[in-house]
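Only one structure is covered here, and it is reproduced in the block below.
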Amino acid sequence: MNPTARIQDIYRPAAERVKDFAEVERRLGAAEMAAQAGRCLACGVPFCLGRGCPLGNVAPEMAANVQAGRWRAAWEVLSATSPFPEFTSRVCPALCENACVNNLATDAPVMIRQLEKIIIETAFAQGFVAPVPPAARSGKTVAVIGSGPAGLVVADALNRRGHHVTVFEQNAKPGGLLRYGIPDFKLAKAVIDRRVNIMRDSGIEFRCNTVIGSDVSAAYLQKTFTAVVVAIGTPAARDLPIPGRELRGIHLALEYLQGVNRANSGELPAAPITAAGRDVLVIGGGDTGSDCVGTALRQGARSVTQIDIIPEPPAARGYATPWPDWPYQLTTSSSQKEGGARLWHRLTKQFTGKNGTVSAAEIGEVRWELSPVGRPVKFAEVTGSVRPVKTDLVLIAMGFTGVPANSPVAAGLGLTVTPQGQLAAAADRGIFTAGDTRTGQSLVVRAMTDALQVANEVQRYLA
Ligand SMILES: Cc1cc2nc3c(=O)[nH]c(=O)nc-3n(C[C@H](O)[C@H](O)[C@H](O)COP(=O)(O)OP(=O)(O)OC[C@H]3O[C@@H](n4cnc5c(N)ncnc54)[C@H](O)[C@@H]3O)c2cc1C
């Protein structure tokens, strides 16, 4: 292999990986990664961290240390900006790599996400990552509602500053969508357990199986703790209220993915919804839809079809999104490379069924009006294009609408839910919001970045 070339395929062979739920990426070795680190140009203005990574991970210094085999120094640089690199190095779309100067002319950026992964995995293997109980306690208490990436980051940051932090989580285990949404083949759950154990040993208390708003009232938390941070994600999924939606065999994507994740970890004896032997229709072309595709293929679906209402994006970066902006461009996930059909500009009109169970979806085509730079702006249905597509399992993966207006957490804390489903803080009363709850549905890296900023705000309140 040319050591100066980017390694193109980092996945286990599709035919092999589709038979199990183990992580799809193969682990790259130290020598391979040292060669890759050598591709970093050490730019005077590193766009990877200035315009790419929301956390501001200092990729040039990470690369220099990996190339020289200075693992502790590499980990110190990485952990100065990133609280949990083991999560982002597995699931991040790598905004940094898009903004890498190597990506400007060659379309072959430095493998920054893989550098992050080998640094943090080496740090764990060599024992650098250890509990960090604070030297002294402040006597102040913080309740964090929700243990997704945002809740975990806030808890970690405030515990380090000496406050007593208790994390309340409605599910059986911490992790939020990292554990119950994202499939094991992208992020093994042992990776979350490893971090949560370190957090427990650092003095953070986790109270799982506790729904705030019913098991414990939010108002009680406000009375009992010095500050409260709400990091409940975006609990409401966008549904598809068309005729036939009530038929059996039609589910929200997260309902399906949660069940499979719970079954894989032994929390449930079997997945409540299985794609085995079924014709699966996934409605929605994003990350969640793609996770449904990979999961359905692993369960042994007879066929998998994924549809999206938007037109197929261009194969290459267009005028609208010049480097280093995030490109409007076709991406194909590892799951989509494993199998299944992908259809664009499709609109689902209704579901039909037999004996109360879905048997087909009536799907039509739409034609898009494009903006001068090629972005879809408005669609019209193509007359006479509606055709039945055979399906006996429909998974609706159309995103999330945010925090519902009637959220008991919001009501209990006297917080306003915005029309966009975001929860505004009441910092003057010691109530803060973080992650997707505050910003709307986003990415793990953005939820973590937001949570670090919120932890600073809480610190100012507690100081
Ligand atoms: C299927 C799927 C795949 C995704 N894949 C990716 C990906 O590959 N890369 C990426 O960057 N992003 C991905 N995302 C987005 C990413 O997971 C989220 O942006 C991120 O998890 C948000 O973090 P959060 O902490 O704000 O919320 P969440 O992760 O949603 O955590 C919220 C937590 O609050 C808990 N909670 C809610 N209400 C209560 C209550 N009343 N009482 C107690 N606890 C409560 C929930 O149980 C949950 O644990 C994906 C999302 C989904 C749904």
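Counting convention: from 1, in listed order, for ligands and their atoms alike.
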Check your understanding: So is there a nitrogen or oxygen of Leu177 less than 3.5 Å from a nitrogen or oxygen in ligand 1?
Key -> yes

Practice item. Return yes when Leu178 approaches ligand 1 closer than 4.0 angstrom through a heavy atom, no otherwise. Key: no

Point to revise | Check against salt bridge (Lys or Arg N to Asp or Glu O under 4.0 Å), Arg12 and Asp20 | key: CA-CA 11 Å; Arg12 295 190 287 133; Asp20 62 50; 2.7 Å; yes

Check your understanding: Leu257 heavy atoms, cut-off 4.0 Å: which ligand 1 atoms fall inside?
Key -> 1 (C)

Review point. Closer than 4.0 angstrom: is that true for some heavy atom of Thr88 and an atom of ligand 1?
Key: no

Practice item. For the pair Tyr461 and Phe432, name the ring-plane relationship: parallel under 30°, tilted 30 to 60°, perpendicular over 60°. Key: perpendicular

**Study point:** Which residue and heavy atom of the protein sit nearest atom 49 (O) of ligand 1, plus the separation
**Key:** Glu169 OE1, 2.6 Å

Exercise for review: Flag Cys92 as yes when one of its N or O atoms lies below 3.5 Å from any N or O atom of ligand 1, and as no otherwise.
Suggested key: no

Review point. Looking at Phe400, which atoms of ligand 1 are within less than 4.0 Å of one of its heavy atoms?
Key: 53 (C)

Point to revise | Under 3.5 Å: donor-acceptor pair, side chain of Asp392, backbone of Asp279 | key: yes

Check your understanding: Hey, what's the ring geometry for Trp75 with Phe128, parallel, tilted or perpendicular (30° and 60° as the breaks)?
Key -> tilted

Check your understanding: Is Arg200 paired with Asp193 through a side-chain N to carboxylate O contact shorter than 4.0 Å?
Key -> no

Practice item. Ignoring angles and geometry beyond distance, decide whether Pro149 reaches within less than 3.5 Å of ligand 1 through its nitrogen or oxygen atoms. Key: yes

**Study point:** Atoms of ligand 1 close to Gly435 [distance to a heavy atom under 4.0 angstrom, numbered from 1]
**Key:** 26 (O)

Point to revise | Winner among Ile232, Leu443, Thr437, Thr439 once heavy atoms are compared against atom 38 (N) of ligand 1 | key: Ile232

Check your understanding: Any idea which heavy atoms bring Ile7 and Glu32 closest together, and the distance?
Key -> CD1-OE2, 3.9 Å

Exercise for review: Would you mind checking if Arg160 and Asp156 are paired as a salt bridge, meaning a charged N to carboxylate O distance below 4.0 Å?
Suggested key: yes

Review point. Short list, please: which atoms of ligand 1 are under 4.0 Å from a heavy atom of Gly146?
Key: 33 (C), 34 (O), 35 (C)

Check your understanding: Is the shortest N/O to N/O distance between Ile212 and ligand 1 below 3.5 Å?
Key -> yes

Practice item. Could you tell me which non-hydrogen atom of Lys117 sits nearest to which non-hydrogen atom of Glu25, and how far apart they are? Key: NZ-OE1, 2.7 Å

Exercise for review: Starting from atom 13 (C) of ligand 1, locate the nearest protein heavy atom and write down its residue, its atom name and how far away it is, to 0.1 Å.
Suggested key: Asp287 OD2, 3.9 Å

Check your understanding: N/O to N/O below 3.5 Å, does that happen between Val444 and ligand 1?
Key -> yes

**Study point:** Taking atom 25 (O) of ligand 1 as the reference point, the nearest protein heavy atom with its distance
**Key:** Ala150 N, 2.9 Å

Review point. Nearest protein heavy-atom contact for atom 43 (C) of ligand 1: which residue, which atom, what distance?
Key: Gln170 N, 3.3 Å

**Study point:** Electrostatic pair Glu312:Arg342 at N-O distance under 4.0 angstrom
**Key:** no

Revision key, fill the gap. Honestly, for Ala231 the part within reach of ligand 1 (heavy atoms, under 4.0 Å) is backbone

Study note, to complete from the structure: The atoms of ligand 1 lying under 4.0 Å from a heavy atom of Lys186, numbered in the order shown, are 5 (N), 7 (C), 8 (O)

Revision key, fill the gap. of all protein heavy atoms, closest to atom 4 (C) of ligand 1 is Ile182 CG1, 3.6 Å

Study note, to complete from the structure: side chain to side chain donor-acceptor pair (under 3.5 Å) with Arg317: of Asp325, Asp107, Asn98, only one passes, and it is Asn98

Point to revise | Those atoms of ligand 1 less than 4.0 Å from some heavy atom in Gly233 | key: 27 (O), 30 (O), 32 (C)

Point to revise | Closest approach of any protein heavy atom to atom 9 (N) of ligand 1, naming residue and atom | key: Val91 O, 2.8 Å

Check your understanding: Does NZ or CZ of Arg195 fall inside the cone over Phe87's six-membered ring, less than 6.0 Å from its centre and within 45° of the axis?
Key -> no

Exercise for review: Would you mind checking which non-hydrogen protein atom is closest to atom 22 (C) of ligand 1, with the distance to 0.1 Å?
Suggested key: Asp436 OD2, 3.2 Å

**Study point:** Heavy-atom pair of closest approach, residues Ile431 and Ala425
**Key:** O-CB, 3.5 Å

Point to revise | Minimum-distance pair of heavy atoms, taken over all atoms of Leu55 and Pro83 | key: CD2-CD, 4.3 Å

Study note, to complete from the structure: Atoms of ligand 1 under 4.0 Å from any heavy atom of Ser442, numbered from 1 in the order shown, are 15 (C), 19 (O)

Review point. Which bit of Val409 is near ligand 1, meaning a heavy atom under 4.0 Å away: side chain, backbone, both or neither?
Key: side chain

Exercise for review: Going by the side chain to side chain contact (heavy atoms under 4.5 Å, CB included) test, name the single residue among Met199, Glu169, Lys173 that passes it with Ser147.
Suggested key: Glu169

**Study point:** Those atoms of ligand 1 less than 4.0 Å from some heavy atom in Thr288
**Key:** 1 (C), 2 (C), 52 (C), 53 (C)

Check your understanding: Where is the nearest protein heavy atom to atom 31 (O) of ligand 1: which residue, which atom, and how far?
Key -> Gly148 CA, 3.4 Å

Review point. Is any side-chain N of the basic residue among Lys189 and Glu267 closer than 4.0 Å to the acidic one's carboxylate O?
Key: no

